[in-house]
Amino acid sequence: LRQVTAGDGQDYFPDWAPDGQQLAFSGTAPQAAREVFTVARNADGLWGEPVQRTFSGTRTAAYQRWSPDGRWIAWADRD
């Protein structure tokens, strides 16, 4: 097991990319909105830093899912 998020207890709804090399999740952004983030494996097999993918500012991103080809992430908000 390896922790790949901040570990503050505010990361939810993980979804693996079809190739298993990225993980999308809902997490708290600096402006306190819940946004979609991804984290990917580096070339050396270690996990990189989470990258914020949505910038809604006021929405509550949740329930993200990868497209079957891994090119897109669909998400819905809970507001």
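Here the structure is a predicted model, which is why all the values come from computation and not from measurement. Residue numbers start at 1 and run along the sequence shown. Scope of the values below: all heavy atoms of this structure, side chains included, with no hydrogens, waters or symmetry mates.
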Closest heavy-atom pair and its distance - Gln64, Ser26: NE2-N, 3.3 Å
Connected via hydrophobic side-chain network under 4.5 Å: Tyr63 and Tyr12: yes
Listed partners of Arg53 passing side-chain hydrogen bond (donor to acceptor under 3.5 Å, both in side chains), at least two apart: Thr38
Point-to-point distance, once rounded to the nearest 0.5 Å, from CD1 of Ile73 to CZ of Arg65: 11.0 Å
Heavy-atom closest pair, residues Pro50 and Phe25: CB-CZ, 4.0 Å
Under 3.5 Å donor-acceptor pairs involving side-chain atoms of residues 13-21, not counting sequence neighbours:
from, atom 1, to, atom 2, distance (Å)
Asp15, OD2, Trp66, N, 2.9
Asp19, OD1, Gln21, N, 2.9

By side-chain hydrogen bond (donor to acceptor under 3.5 Å, both in side chains) - contacts of Asp69 (at least two apart): Ser67
